[in-house]
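Bear in mind the structure is a predicted one, so any value in this text is a computation, not a measurement. Scope of the values below: all heavy atoms of this structure, side chains included, with no hydrogens, waters or symmetry mates.
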Amino acid sequence: MTVIDTGPRSRGQTFLAILRQSWPILVSQWASMAFGVLDTAMTGHSSPTDLAAMALAVSVYITVFVGLMGVMHALLPIQAQYVGAGQLDEVGRSWGQGVWVSLVLSVFGGATLLFPDLWLSFSGDVAPEVRTRMAEYLLALTFALPAALLFRTVYALANAVSRPKLIMMINLVGIAVKAFLNWLLIFGNWGLPAMGAPGAGIASGIVYWLSLFIGLWVVLRTPFYRQFHLRIGRPDFAALWSILRLGLPMGGSYLVEVCAFTFMSLIVAREGTDVIGGHQITANLAALAYMMPMAIGVATASLTAQAIGAGQMNQAHRNGMMGIVVGLCGASITAVVLYTGRATIVSLYTSNPEVAAVAFSLLALLPWFHFVDSMQCINSYLLRAHKVAMVPMLLQAFALMLVGLSGGWWFGFGPGRPLMDPVRDTLLAGSPPGAGSMWLMATIGLAVSTLLLHGWYRFVVRREHYR
């Protein structure tokens, strides 16, 4: 017996089902992303040094965390297909094996955060005070990483069984606690020392552990989740490999996406502290806007995987195509808001006029960037619902790393700069030559990725239909 209705739905019912599951995920992702917004905005009003240190540290942490998080997200299609097939005991068993995977990944991920100078070797000459604060911020997040990855087992479970409101409520509580702790630790209120960017890292660590304890308490004590017989048990290498076989290329795909923009931040750092700050504001806004297609993608992938598990392949494809339609609508609305409100948005992030000028010039491209980013996001989630991850990772590596990142460096800092300057001056007037060129090529890379991923999704659907 299954706990989810996976029967055929009309187009209207499919549309509503995606919306019902998307909006709690979106609120949850916005609350989670508000951590970065708070850190950027509050350190931006602390000092340019703190903002630059936080920008570089977050780029490194996100690179590590998102790649490992991608591995953990293999649990979502695995568990959703078990739910669709009515194999409830397998849901609980795979959850426990996911806990073991998260602990192993925490060790490897934490080790990479302890060597910030290795990451900064891509950034050229960075001020010593920025290096010091960056290292302190990353040290705090090293202790936060195990909690963040363990929480992904709760996240995947809640979404696989179509109960995303649990994660939403936890993250809403977390953002309230995070804002208060930032106020205490960044600015040194209530007699505490003003720690700047490292204080924001400590605040994040506290909230991550708190969120994990709340999530575990709910799933282990709520009657609804008892039917899955959640248990950790001994490591089962066959089960661990089934997670890693799907999770490693998924994590690689996530890593390709985030690495393209992490190394973009590290390369852009050559143009100085003001450009780092302006680029960070633009990147933070892009990440915040990304939460809508990501929410739609997670919801669509969950519903699609449930339908696949139930053997409802026509409904699975209907879910996928309707998810793309919902994503197009959301991306259009977001693009309009970003373009018309960019002056107000920049003023909320920083009071520094030089940083604001850089951010304002780059934001002219952000609506177009977001549109193609949305489409490539949803198509990648559709493929994950079908447990297809290796080819998408390779396609994204080509589009984002070769076309986007390498092309951006070649046109922004390399021999192709004279060719890009007229284009950049027309489309992004007043933007820094390097940063502006890299954002232009990143947008083109995402467009290429969208076309390749959607083409492969259509191929997968046709292949499964013939089978």
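When all heavy atoms are compared, the tightest approach of Thr300 to Gly320 is CG2-CA, 3.9 Å. Scanning both residues, Pro432 and Ser361, for their nearest heavy atoms gives CD-OG, 4.0 Å. Pairing each heavy atom of Leu366 with each of Ala286, the nearest pair is CD1-CB, 3.6 Å. Looking at every heavy atom in both residues, Ala301 comes nearest to Tyr381 through CB-O, 3.5 Å. Between Ile214 and Ile170, the closest heavy-atom pair is CG2-CG1, 3.8 Å. The shortest heavy-atom contact between Pro293 and Ile378 is O-CG1, 3.7 Å.
Judged by distance alone, with hydrogens and angles left aside, the side-chain atoms of Lys387 form no donor-acceptor pair with the main-chain N or O of Ala305 at under 3.5 Å. Counting only distance, with no hydrogens or angles, the side chain of Asp373 and the backbone of Phe369 share no donor-acceptor pair below 3.5 Å. Ser102 places a side-chain N or O within donor-acceptor distance of the main-chain N or O of Val99, the cut-off being under 3.5 Å. Using modelled atom types, no side-chain atom of Asn284 and backbone atom of Gln280 make a donor-acceptor pair closer than 3.5 Å. The closest donor-acceptor contact from the side chain of Ser22 to the backbone of Ile18 lies under 3.5 Å. The backbone N or O of Met292 lies less than 3.5 Å from no partner atom in the side chain of Gln29, so there is not a single donor-acceptor pair. The backbone N or O of Phe224 lies less than 3.5 Å from a partner atom in the side chain of Gln227, making a donor-acceptor pair. A donor-acceptor distance shorter than 3.5 angstrom exists from the side chain of Asn352 to the backbone of Val355, with no hydrogens or angles considered. Panel note: side chain Thr153, backbone Leu150; a donor-acceptor pair is recorded below 3.5 Å. Here the side chain of Thr334 pairs a donor or acceptor atom with the backbone of Gly330 at under 3.5 angstrom.
Annotation: cation-pi geometry not satisfied between Arg417 and Phe411 (NZ/CZ under 6.0 angstrom from ring centroid, within 45° of ring axis). Cation-pi geometry between Arg342 and Tyr339 is satisfied (NZ or CZ under 6.0 Å from the ring centre, within 45° of the ring normal). With a 6.0 Å cutoff to the six-membered ring centre and a 45° limit on the axis angle, Arg462 does not count as a cation-pi contact of Phe459.
By the 30° and 60° cut-offs, the orientation of the rings of Tyr254 relative to His73 is perpendicular.
Contact annotation: the side chain of Val358 never approaches that of Thr282 to less than 4.5 Å [non-hydrogen atoms, C-beta and beyond]. Put simply, the side chain of Val64 does not reach to within 4.5 Å of the side chain of Leu141, judged on heavy atoms. The shortest distance between side-chain heavy atoms of Met321 and Tyr457 falls below 4.5 Å. Side-chain contact between Leu68 and Leu145 is present, with heavy atoms from C-beta onward closer than 4.5 Å. In this structure, the side chains of Trp456 and Val388 come closer than 4.5 Å at one or more pairs of heavy atoms. The closest side-chain heavy-atom distance from Tyr208 to Leu212 is not below 4.5 Å. Residues Leu303 and Gln315 fail the side-chain proximity criterion, which asks for heavy atoms closer than 4.5 Å. A heavy-atom distance below 4.5 Å is not found between the side chains of Tyr137 and Val60.
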- Message: Test side-chain contact (heavy atoms from CB on, under 4.5 Å) on Gln79 and Leu157; report intermediate values, then the result.
- Response: CA-CA 7 Å; Gln79 292 175 338; Leu157 174 65; 3.9 Å; yes

- Task: Begin from the C-alpha positions of Trp439 and Arg424 and carry the test side-chain contact (heavy atoms from CB on, under 4.5 Å) through to its verdict.
- Result: CA-CA 10 Å; Trp439 275 96; Arg424 181 185 54 79; over 6 Å; no

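Between the side chains of Glu257 and Gln396, at least one donor N or O sits under 3.5 Å from an acceptor N or O. In the model, Arg20 has no side-chain atom that pairs as donor or acceptor with a side-chain atom of Ser162 under 3.5 Å. A donor-acceptor contact closer than 3.5 angstrom links the side chains of Ser302 and Gln21. Side-chain polar atoms of Thr450 and Gln376 form no donor-acceptor pair below 3.5 angstrom. No hydrogens or angles considered: nothing links the side chains of Ser242 and Gln97 as a donor-acceptor pair under 3.5 Å.
Note that CH2 of Trp409 is 15.0 Å distant from CZ of Phe263, once rounded to the nearest 0.5 Å. Interatomic distance, Asn319 CG to Ile324 CD1, rounded to the nearest 0.5 Å: 11.5 Å. Note: Asn159 CG to Arg152 CZ = 9.0 Å, rounded to the nearest 0.5 Å. One distance of note links OG1 of Thr222 with CG of Leu230; it measures 10.0 Å at 0.5 Å rounding. The OG atom of Ser253 lies 8.0 Å from the CE atom of Met393; values are rounded to the nearest 0.5 Å. Atom CE of Met250 is separated from atom CZ of Arg245 by 14.0 Å, given to the nearest 0.5 angstrom.
By the 6.0 Å contact criterion, CH2 on Trp30 is open, its count of non-hydrogen atoms from other residues, nucleotides or ligands being 12 or less.
Two rings, from Trp95 and Phe228, have their centers 6.0 Å or more apart.
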